[in-house]
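Below you'll find the structure, written out as structure tokens, and then a few comments.
Chain letters run A, B, ... following the sequence lines, proteins first and then strands; every chain starts at 1.
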Amino acid sequence: MLSAPTLKKTDVAVGMGQAVLAGDPTRLTTILGSCVAVTLYSPRRRMGMLSHIVLPQSKGSVTSPAKFADTAIPYMLDSLRAEGIEPRELTAKVVGGACMFGNGSCAQIGGSNVQAAIQALEKAGLRIAAHDVNGTSGRRICFDLANGCISVTSAGRSSQTI
Amino acid sequence: MIQSNCLETAKLKLLRELFASATHDASTAMCRWTNSVISLTLDEVHEMSLEDACNDLHVGEELLTMVVLNLEGELGGSMVLTFSESDGRRLAASLLQTEINPGPDWNEMEQSALAETGNILGCAYVNALTRLIDQPLVPSAPYFLQDFGMSVVEQALVAQAAARDTVLICRTCFKQEGEELNWWLLFVPSVALRSAMENAMEWPR
């Protein structure tokens, strides 16, 4: 019996402060420390978007909307709407926000990023389907646009899928 | 509000001279500590956008072995000494005069040997910075960690990115008897320390 043909997966890396919109068979990958990745996914279209958020508040900056939690979510929704995807069909996931340097000056940024991302998603009326946040280790993530699943790998911990 | 003003060429040149002098001191200290000829080369003192910094540093996606020192107090910053797994193991074995541990775990002595290496290097740079800004800097105890290099660099850079469009980084490479080692030291000052460094260099205007 012949198996169904499968499309070759293409991995696309999403850098700090960037957002990428893509569809199946793409997988979006990124590495996170104190930054937070927010993913929005449409199961109907098998399309979604990942923002690699660096800081909680834009404080008036308009040049890099994906860099800040408060501007990234509206930017993602606008981009997805332009593709004919409405917010009601999206599932949201949040990953990252580690504090890797103990009690140093940047210790709070990870937690603030998580909080700001959750607040922005709630403000937009989006339900958070899953999250893997905080902790003290970095994460490598892979967002598969075939099914919306995110595989999360951390140092010293086995991979998990959310 | 995020500032977008960049360092002038003259100030970057001064910073390069400062770090080159610190690198020389660090080289001497490393030779003494490791009992071999390890030389340090100042690879770059650059000001660039956050996105470019992450791309240009070529940290890769692998798990790396690192020693992190934070500068505590008002004038903060981070120093990250990074090794590939094999180079870190080799250095620890050489310092402890033991066989190379095949892993995967790092014992307390090995971690301590690498942490002390970070401490020695970090202090050479802290001393140079203290001379420049004429204010005390307090380095934290060094700590050992294994993680994705990019995650650690990201966290070090974020503190500056909170207030600036650009980040200032200093990177040092290492050689042992002419052969390049897979180590590097990254220094990222906090916004307050960066401002103090810039103020201390006002005179060449």
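For a heavy-atom cut-off of 4.5 Å, chain B lies close to T136(A), S137(A), G138(A), R139(A), R140(A) in residues 117-142 of chain A.
The number of heavy-atom neighbours closer than 6.0 Å to CG of D134(B), taken from other residues, nucleotides and ligands shown, is 12 or below. Counted within 6.0 Å of CZ on R16(B), heavy atoms from surrounding residues, nucleotides or ligands total more than 12; the atom is thus considered enclosed.
The candidate from T153(A), T29(A), V54(A), L32(A) with the greatest count of non-hydrogen atom pairs under 4.5 Å with chain B is L32(A).
Here the CD1-CD distance, from I109(A) to E154(B), works out to 10.0 Å after rounding to the nearest 0.5 Å.
Heavy atoms of V152(B) lying under 4.5 Å from chain A belong to its backbone as well as its side chain. For E72(B), no part sits under 4.5 Å from any heavy atom of chain A, backbone or side chain.
Side-chain contact check for V158(B) versus C35(A): some heavy-atom pair is nearer than 4.5 Å.
The closest donor-acceptor contact from the side chain of Q146(B) to the backbone of A155(A) lies at 3.5 Å or more, if one exists at all.
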